[in-house]
Participant: 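Handing you a structure now.
Every value quoted in this text rests on a predicted model; they were computed, and no experiment measured them.
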Amino acid sequence: MCIFCDIIEGKIPSATIYEDDKVKAFLDISQVTKGHTLVVPKKHFDNFLECDDETTSHVMKVAKMLGNHILKETGAKGMNILTNVHEVAGQSVMHCHIHLIPRYSEQDALKVEFQESEKQDLDALCAQLQYK
Ligand code: AMP
Ligand code: ZN
């Protein structure tokens, strides 16, 4: 059984800030920054890439709505909106969720940094990744 399914079913308590028939949004227990929130579909999907289209649309709509609401209420200056897929990307709970992480300063506990890595052949990569 999945911990977020337990939260959705009310077996485990959560600090819920929004709920409808398809989605529950609650404060992340770790509070990377003040107001850190998880937007979670009620139907179990292992991760974001597994979600059906209807669920994806609704989850993202709610994430946008709550993102704006949290920004306004906390006075944060920005927000990271992210989802991790599989352990290698940092996923620890295998039930789809979107993190809303308000940002107050560049020194917040979250660091998202794009570093230089090995050069890629963009023409070859583009040919490989063309979506037809
Ligand atoms: P991820 O590592 O992207 O899978 O995110 C999972 C998140 O779930 C982490 O940020 C945890 O702090 C959070 N989390 C785990 N258990 C709970 C819980 N019982 N209530 C609220 N958040 C939780
Ligand atoms: Zn689940």
Participant: Can a donor-acceptor pair be found, under 3.5 Å and without considering hydrogens, that links the side chain of Thr37 to the backbone of Leu27?
Facilitator: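 Checking the backbone N and O of Leu27 against the side chain of Thr37, no donor-acceptor pair under 3.5 Å is found.
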Participant: Is it true that a side-chain atom of Thr33 and a backbone atom of Ile101 form a donor plus acceptor pair closer than 3.5 Å?
Facilitator: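 Not confirmed, Thr33 side chain does not pair with Ile101 backbone.
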Participant: Can you name the nearest heavy-atom pair linking His36 to His99, along with the distance?
Facilitator: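 Heavy atoms only, the tightest pair is NE2-ND1, 2.9 Å.
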Participant: Has His44 got a side-chain atom pairing as donor or acceptor with Phe4's backbone, closer than 3.5 angstrom?
Facilitator: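 No, His44 side chain to Phe4 backbone: no donor-acceptor pair under 3.5 Å.
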Participant: Check this for me: does any side-chain nitrogen of one of Asp52 and Lys43 sit under 4.0 Å from a carboxylate oxygen of the other?
Facilitator: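 A salt bridge is present here (some side-chain N lies under 4.0 Å from a carboxylate O).
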Participant: Whether the side chain of Tyr104 engages the backbone of Lys34 through a donor-acceptor N/O pair (distance < 3.5 Å, no angle test) should be reported.
Facilitator: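 At least one qualifying donor-acceptor pair exists.
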Participant: Quick one: does any side-chain atom of Thr74 pair with a main-chain N or O of Ala76 as donor and acceptor, under 3.5 Å?
Facilitator: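 Yes.
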Participant: If you measure from the Lys or Arg side-chain nitrogens to the Asp or Glu carboxylate oxygens, is any gap between Lys42 and Glu19 under 4.0 Å?
Facilitator: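 Salt bridge flag = yes for Glu19 with Lys42.
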Participant: Measuring only between side-chain heavy atoms, which start at C-beta, is Met60 closer than 4.5 Å to Phe48?
Facilitator: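 The answer is yes, as the side chains (C-beta and beyond) meet within the 4.5 Å cut-off.
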Participant: I'd like to know if the side chain of Asp108 reaches the main chain of Ser105, judged simply by a donor and an acceptor atom lying under 3.5 Å from each other, with no hydrogens or angles considered.
Facilitator: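 Side chain of Asp108 to backbone of Ser105: a pair is present.
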Participant: For Asp28, does its backbone N or O pair with a side-chain atom of Gln31 as donor and acceptor, under 3.5 Å?
Facilitator: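 Such a contact is found between Gln31 side chain and Asp28 backbone.
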Participant: Should Arg103 and Glu106 be marked as a salt bridge (charged side-chain N to carboxylate O under 4.0 Å, His left out) after you check the CA-CA gap, both sets of side-chain angles, and the distance that decides it?
Facilitator: CA-CA 8 Å; Arg103 296 300 300 269; Glu106 289 174 22; over 6 Å; no
Participant: Which atoms form the tightest heavy-atom contact between Val59 and Val39, and what is the distance?
Facilitator: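 Smallest interatomic distance, heavy atoms only, reads O-CG1, 3.9 Å.
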